Amino acid sequence: MVSMRSLFAYFWRDEPRVIAFVVCCCAVLLLAYWKRDALAVQFKNRLVLPALALLLVFGNPASAHILVTRAVETQSLRFFWLIPVSFLLAAAVVAVIGRLPRRWLRAAAALAAVPVLVLCTHQLKTLRTNWQYATPNWQKTPQVVLDLCDAIMADDRYDDKRAAFTFPLDLWVRQYQPDIFLLFSWTGGENLDLRREMDPGDGRLVDLDAVGELAADDDCYYLVLPQDGNYTGSLEAHGYAVLCAVEGTPPGTGTDYGKTYLLYSLEEGAADADVH
């Protein structure tokens, strides 16, 4: 029951959207069953019924518990809002307005819908936040990730930019620099053993010997680790040396993006020895 309430509490944060969704579902079902409108029937089969089926899944204590405890809550909620809801709200409003008998009525209804949307979105507060928020760069990406990626791309020893970034920096690399090949990321990758060894979750001790061995065996030319991590062992014993240290922005804030990170590179001699 707690999981189910958690899911519906998320929906109810945007009350106008929930109310509009219910109204649009009712309008589509009414047009489909009463007026036998062909477009409404398609909306019913492809949007409304699947959306209602998802609501039943969210409203079932057993399935809701699985969605929450298996860390797919946000993915499930995004799927529900982005697929059925967003499209249905727009399509249903257009379909209802299009069925008005007079052209001037359709024009008036379309004009009236604009201020209603503005009022329901709290004077476009969300859009203003996205566009006016002070971000450190145009990419809206943590600056420390940009600096680390630039340092990797500036190193001309290796054309193949194979790298491993610690979490959560690995979430942003592809967004900024797709030329860097990540051995792993948050959603998976080739070297999951390396990801597990580099994970500093819950302040655990990270074995740099294990990290260095796995990384060198996989031709990982660049490694990124926080400077203040809890470590044992040495990367230098496996051919890695510090290429540079990159300070997060803003520094000392206690967040992962405000830490100082060490960028290690595999020395050329070590890379040749590994190949032979």
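No experiment lies behind these values; they were computed from the predicted model shown.
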Pair Leu263, Val242 - check side-chain contact (heavy atoms from CB on, under 4.5 Å), show working.
CA-CA 6 Å; Leu263 172 59; Val242 175; over 6 Å; no
Are Phe21 and Val96 joined in one hydrophobic group, where the rule is that I, L, V, M, F, W and Y side chains link up if heavy atoms are under 4.5 Å apart?
no
Less than 4.5 Å apart, side chain to side chain, heavy atoms only: is that true for Val145 and Gln139?
no
Are Leu208 and Thr232 packed together at the side-chain level, in the sense that at least one heavy-atom pair is separated by less than 4.5 angstrom?
no
Do Leu266 and Cys220 have side-chain heavy atoms sitting under 4.5 Å apart?
no
Nearest 0.5 angstrom please: Gln175 CD to Cys149 SG, how far?
10.5 Å
Between atom CD of Glu267 and atom CG of Leu243, what is the distance when rounded to the nearest 0.5 Å?
8.5 Å
One should read off an interatomic distance between Glu197 CD and Glu213 CD, to the nearest 0.5 angstrom, of 9.5 Å
Which atom of Asp179 lies closest to which atom of Lys161, heavy atoms considered:
O-CB, 3.9 Å
If hydrophobic clusters are built from ILVMFWY residues whose side chains come within less than 4.5 Å, do Trp172 and Leu169 share one?
yes
Quick one: do Asp218 and Arg162 satisfy salt bridge (Lys or Arg N to Asp or Glu O under 4.0 Å)? Show the steps, please.
CA-CA 9 Å; Asp218 203 0; Arg162 294 172 63 84; 3.0 Å; yes
Step-by-step salt bridge (Lys or Arg N to Asp or Glu O under 4.0 Å) determination, Asp193 to Arg196:
CA-CA 5 Å; Asp193 290 334; Arg196 283 190 289 269; 2.2 Å; yes
Which atom pair, heavy atoms only, marks the closest approach of Leu49 to Asn45?
CD1-OD1, 4.0 Å
Check: Cys24 and Phe43 side chains under 4.5 Å, non-hydrogen atoms:
no
Within the supplied structure, the quantity of interest is the number of heavy atoms (other residues, nucleotides, ligands) at a distance under 6.0 Å from Asn230 CG; does it exceed 12?
yes
Assign the ring pair Tyr222 / Tyr158 to parallel, tilted or perpendicular, where the plane angle (0 to 90°) is split at 30° and 60°.
perpendicular
Please list all pairs meeting side-chain hydrogen bond (donor to acceptor under 3.5 Å, both in side chains) that have one or both residues in residues 95-118, counting only residues at least two apart or in different chains.
Asp37-Arg99
Please walk me through it: do Met153 and Gln177 pass side-chain contact (heavy atoms from CB on, under 4.5 Å)?
CA-CA 9 Å; Met153 298 306 296; Gln177 185 48 266; 3.7 Å; yes
Spacing of Tyr221 atom OH and Ser265 atom OG [to the nearest 0.5 Å]:
12.0 Å
Grab the two heavy atoms, one from His238 and one from Ala216, that are nearest each other, plus how far apart they are.
O-CB, 4.1 Å
Less than 3.5 Å apart, any donor N or O on the side chain of Asp256 or Tyr261 sitting next to an acceptor on the other?
no
Taking Leu171 as the starting point, is it possible to reach Leu183 by hopping between hydrophobic residues whose side chains are less than 4.5 Å apart?
yes
Taking the side chain as every heavy atom from C-beta outward, state whether Asp219 and Asp160 have any pair of such atoms under 4.5 Å apart.
no
Can you find a pair of side-chain heavy atoms, one from Glu236 and one from Tyr264, that are under 4.5 Å apart?
yes
Hey, are the side chains of Phe181 and Val173 touching, using non-hydrogen atoms and a 4.5 Å cut-off?
no
For Ala163 and Ile152, work out which heavy atoms get closest and say how close.
CB-CD1, 4.2 Å
Common cluster, Met198/Leu205, ILVMFWY with side-chain heavy-atom separation under 4.5 Å
no
Flag yes if Tyr33 and Leu52 sit in one hydrophobic cluster, no otherwise; membership is Ile, Leu, Val, Met, Phe, Trp, Tyr, and two members link when side-chain heavy atoms are under 4.5 Å apart.
yes
Take Asp150 and Tyr176, measure what side-chain hydrogen bond (donor to acceptor under 3.5 Å, both in side chains) needs, and give me the verdict at the end.
CA-CA 10 Å; Asp150 290 343; Tyr176 173 64; 2.7 Å; yes
Flag side-chain contact, heavy atom, 4.5 Å: Leu225 against Leu262:
no
For Leu182 against Asp170, the heavy-atom pair lying closest together:
CD1-O, 3.7 Å
Here the gap from Cys25 atom SG to Leu89 atom CG, rounded to the nearest 0.5 Å, amounts to 8.5 Å
Testing the basics here: between Ser234 and Asp209, what is the closest heavy-atom pair and its distance to 0.1 Å?
O-OD1, 3.1 Å
Can you establish whether the number of heavy atoms outside Arg157 located under 6.0 Å from its atom CZ is more than 12?
yes
